[in-house]
Amino acid sequence: MRAEGGLTARRILCVFPRYTSSFGTFEYAYPLTDGVQAFMPPQGILLIAAYLPENWDVRFVDENIRPATAEEMAWADAVFVSGMHIQQHQIIDICQRAHQAGRTAVLGGPSVSACPDHYPMFDYLHIGELGDATDDLIRRLAQDPSRRRRQVVLTTEDRLDMTLFPIPAYELADCGRYFLGSVQYSSGCPYQCEFCDIPGLYGRNPRLKTPEQIIAELDHMLACGIRGSVYFVDDNFIGNRKATLELLPHLVEWQQRTGFAIQLACEATLNIAKRPEILTLMREAYFTTVFCGIETPEPEALRAMHKDHNMMVPILEAIATVNSYGIEVVSGIILGLDTDTPNTGRNLLTFIEQSQIPLLTINLLQALPKTPLWERLVRENRLLHDESRESNVKFLLPYDDVVMMWRMCMAEAYRPERLLARFEHQITHTYINRRAVPATPQRASKANIKRGLTMLRNIVWQIGVRGDYRRAFWDYAWRRLRRGEIEYLISSMLVAHHLIRYAQRACAGQANASNYSLRQREPQMAAE
């Protein structure tokens with residue numbers, strides 16, 4: 001579905017801001033690839049681009065790949081921007097450049113929807129999801145695209161049903177430059193974890209697209225050049241278990257039709273371990289990774305943050321269960337909780353060794369607006385507004401002790417020998433359980449073979465010859481080469497190298513201790 005046509009045609013430049021380097025940007029993996037420059041195509045702004053009237057001229061620039069030029073700004077009648085809290089400084093920079101070109105600047109997305117007062121410089125604010133506010137914005141720009149004397153704030157009251165969403169405009173993006181693709185099946189989450197802003201922004205009752213929409217999106221992504229993996233960005237893939245079970249057979253059929261060209265990944269609560277019927281179908285659909293917000297292995301802390309559902313099955317047992325279906329677990333971890341003690345860091349390292357999870361996004365607690373945590377800290381006078389700090393939370397433990405605990409955990413968890421040993425465990429205990437995938441023409445294409453050889457060459461040269469952890473690399477790589485596990489070697493080293501390099505920067509005080517921190521550092525650039 002597109003917005004109503006017949007309106008005066010306009011030129012819209014959609015610009016997505018750069019990220020600051022973090023666990024999830026994976027920029028240290030890019031030089032090992034065949035030209036990747038950014039993590040995932042931004043769903044939200046590409047959805048808006050696809051919704052605009054058909055007779056409007058729309059262009060898209062992801063500034064994680066290249067900056068929008070002055071000529072592109074001058075071309076546009078209006079500049080659309082979307083982003084998250086961590087991109088706030090870059091969002092404001094785009095607005096300033098649009099105004100320098102005399103163009104109207106429009107901001108939507110999760111950050112402005114939670115904190116409209118942070119963006120007084122924009123001409124239009126779009127609060128909430130796609131819906132009546134979007135249609136109002138389009139009508140206003142069609143009538144007059146010039147800058148406003150006073151800021152106009154449009155708030156969605158009537159959201160567009162997700163079954164009417166258009167396919168995001170992947171054709172506007174340089175999809176071959178992304179590390180992986182992304183797709184959204186549902187919006188919202190039934191749980192109310194204290195630190196999470198999803199229920200406040202998108203509701204507790206998950207809303208859904210149809211399986212047919214998802215298949216059409218996947219087909220379009222493949223046609224536009226997405227390769228390797230596609231990530232379901234749903235806040236909780238099993239938020240509506242009945243719907244998940246309805247979707248999965250369609251994904252199995254799609255994988256068979258397209259020759260298993262793409263691996264799938266998603267986010268889900270750890271209680272997915274109690275759903276063998278879902279895990280069985282996920283294995284058949286070639287899901288290879290699931291991100292679980294474990295947050296902490298300490299039961300008292302889980303109860304305090306209202307994440308009791310992580311204890312429906314003992315955590316280590318749940319991880320082993322998911323692994324038994326060939327699905328690797330990635331975990332979110334939070335330090336700086338009120339329940340933390342001086343032993344929390346060591347307890348976390350013990351958990352990492354016991355669980356053998358390779359990738360854990362270890363963050364300091366950050367309070368996000370529109371969360372129960374934010375409201376509680378306001379009441380307790382423990383919310384700080386100092387961007388020179390690693391967190392906006394006044395911890396109960398001394399601040400310096402918490403930061404040092406984070407750095408110690410980063411240093412130990414991502415020591416090359418330890419990290420690669422965990423990947424070794426995954427290969428021998430998890431990957432072996434994956435669905436046997438045939439050597440289809442799509443997987444064995446000349447383009448895929450060339451891509452794999454390029455990445456293997458880059459890995460051997462940059463890590464095995466020039467790297468500073470060559471010995472650990474070759475101890476790991478020889479086993480892969482002897483067993484013919486080339487695909488595992490490539491996929492694991494792309495992730496491992498980023499984590500090792502990011503951890504080195506973290507321990508040197510050059511990386512933010514939270515993926516949500518606004519502490520000013522250099523925005524993400526292509527790593528050398």
Q | NZ/NE/NH1/NH2 to OD/OE distance under 4.0 Å, D161 and K209 | A |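 Salt bridge: no.
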Suppose we screen for ring-ring contact (aromatic ring centres under 6.0 Å, His included). Which residues come up paired with [X], at least two apart in sequence or across chains?
X	result
Y488	Y431
F16	Y19
Y178	none
H425	H429

Q: State which residues pass side chain to side chain contact (heavy atoms under 4.5 Å, CB included) with N433; sequence neighbours excluded, sorted by chain then number.
A: none
Q: Would you mind listing every side chain to side chain donor-acceptor pair (under 3.5 Å) that reaches into residues 279-294, with sequence neighbours excluded?
A: Q263-Y286, Q263-T288, E284-R435
(Q) For E267, give me all partners under side-chain hydrogen bond (donor to acceptor under 3.5 Å, both in side chains), at least two apart in sequence or on another chain. (A) Y231
Q: Quick one: which residue pairs count as a salt bridge (Lys or Arg N to Asp or Glu O under 4.0 Å) with a foot in residues 461-479, not counting sequence neighbours?
A: E424-R479, D468-R501
Could I get the full list of salt bridge (charged side-chain N to carboxylate O under 4.0 Å, His left out) partners for [X], not counting sequence neighbours?
X	answer
R457	none
E375	none
R418	E412
E380	R376, R382

